[in-house]
Amino acid sequence: MDKYEPLEIVGRGSFGVIRKIRRVADGQLFVRKEIDYRLMSEKERRQMVNEVNILNNLKHPNIVRYHERHVDRDERRIYIVMEYCSGGDLAAIIKHFKARNQRIPEDTVWQLVAQMMLALHECHQGRTVRNAANGTESRVVILHRDLKPDNIFLDEHHNVKLGDFGLSREMACAHEMFAKTYVGTPFYMSPELVTGSTYDAKSDIWSLGCIIYEVCALRPPFLATNQMELNNKILSGNVPPLPREYSSDLARLVTSMLSTKPDMRPTTACCLSHPRIQTYMRNVE
Ligand code: ADP
Ligand code: MG
């Protein structure tokens, strides 16, 4: 870690601070996510190793780029060095607009949607892994499992960088579901998680639908003062309407992503074929 000079703290995570650092050799900025593993259960430690391994395999312009890790066994800490996203996170942007009583322009919303979708598509489409022992190939997909505005980071040009893979999972096949107690944030929790206990790619789509809704309405679609009331709202199938300023195209996309039945929700591939997203992608080419 001597190659880096520590700078200010830019965020606080569940297991330590996120600090800006500067590489001494060339002055390039990074962040260092500090993870104190003393207080972690065995399961949380496995999860942390998991986060590092998943990030290491993900190379995409809209996903926070992992650089290296450093284990300090004496201090019982792990440091993950990654790309610095100077634009902060989407939760802060939403707060900024809300405080000023302003709307995020629709073009900006589509840009965010396109970039978040590209990042999620990279995770969901998976990669082929080869079993060295018997030469067989299989596909693994990555489920983020904790999509919320706080975990969508932005760079200096306001480009999306999907981050915080702390709860993400790599699993064998896109269609295979697995039982799991949900550990993410309740506001973005899908109906199948409220009732049952399986999580698949479509649950990430639900959470992303909640995020897009929140970018427009500056509040999550389902709000409640207690868990039971929240569960009922999530299960009701009633999505409150988007503010009038936004197009019916955008409203339809959000509503489809918030279908109570996972099968009715579009895949990332399907969303990327949306004319508005196609237009955005042609313009950046
Ligand atoms: P946790 O897993 O504990 O929630 P996160 O990875 O979400 O930790 O980081 C917590 C906060 O720190 C984020 O919401 C964000 O504001 C900030 N942060 C994390 N990573 C970066 C980064 N690469 N660049 C800039 N800020 C970051
Ligand atoms: Mg987080």
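Quick note: numbers below take in every heavy atom, side chains included, and nothing from hydrogens, waters or symmetry partners. Both counts, for ligands and for their atoms, begin at 1 and track the order of listing.
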Worked check of side-chain contact (heavy atoms from CB on, under 4.5 Å) between Trp110 and Thr279: CA-CA 10 Å; Trp110 280 107; Thr279 308; over 6 Å; no
Taking atom 13 (C) of ligand 1 as the reference point, the nearest protein heavy atom with its distance: Phe153 CE2, 3.5 Å
Asn283 atom CG, over 12 foreign heavy atoms within 6.0 Å: yes
Nearest protein heavy atom with distance in Å, relative to atom 7 (O) of ligand 1: Asp164 OD2, 2.8 Å
Heavy atom of the protein closest to atom 14 (O) of ligand 1 (residue, atom name, distance): Asp150 O, 2.9 Å
Heavy atom of the protein closest to atom 17 (C) of ligand 1 (residue, atom name, distance): Gly11 CA, 4.1 Å
Between Asn62 and Glu122, a side-chain donor and acceptor under 3.5 Å: no
Nearest-contact summary for atom 22 (C) of ligand 1 - protein heavy atom, Å: Val31 CG2, 3.5 Å
Whether His144 side chain and Gly163 backbone form a donor-acceptor pair below 3.5 Å: yes
Charged N-O contact under 4.0 Å between Asp36 and Arg38: yes
Thr268-Gln125 side chain donor-acceptor pair, cut-off 3.5 Å: no
Distance filter under 4.0 Å to Asn151 heavy atoms, resulting ligand 1 atoms: 7 (O)
Lys33 with Asp164: basic N within carboxylate O range, under 4.0 Å: yes
Sub-4.0 Å heavy-atom approach of Lys20 to ligand 1: no
Protein-derived N, O or S atoms lying under 2.8 Å from the Mg ion (ligand 2), waters excluded: 2
Neighbour count above 12 (heavy atom, 6.0 Å) for Asn134 CG: yes
Distance from atom 27 (C) of ligand 1 to nearest protein heavy atom, with residue and atom: Ile18 CG2, 4.1 Å
Proximal atoms of ligand 1 relative to Gly13 (non-hydrogen, under 4.0 Å): 1 (P), 3 (O), 8 (O)
Nearest protein heavy atom with distance in Å, relative to atom 25 (C) of ligand 1: Cys85 O, 3.2 Å
For Phe222, the option from Tyr188, Trp206, Tyr213 that meets ring pair (Phe, Tyr, Trp, His ring centres under 6.0 Å): Trp206
Donor-acceptor pair, side chain of Arg265 and main chain of Thr260, under 3.5 angstrom: yes
Top protein contact for atom 10 (C) of ligand 1, by heavy-atom distance: Arg12 O, 3.6 Å
Region of Lys161 engaging ligand 1 - heavy atom pairs below 4.0 Å: neither
Met281 atom CE, neighbour heavy-atom count above 12 within 6.0 Å: yes
Minimum non-hydrogen distance to atom 8 (O) of ligand 1, winning option of Lys33, Glu83, Met82, Arg32: Lys33
Test: Arg276 and Asp107 ion pair at under 4.0 Å: yes
Pairs where residues 15-58 contributes a residue and the test ring pair (Phe, Tyr, Trp, His ring centres under 6.0 Å) is met, not counting sequence neighbours: Tyr4-Phe30, Phe30-His67
Within-cut-off N or O pair, Asp89 and ligand 1, under 3.5 Å: yes
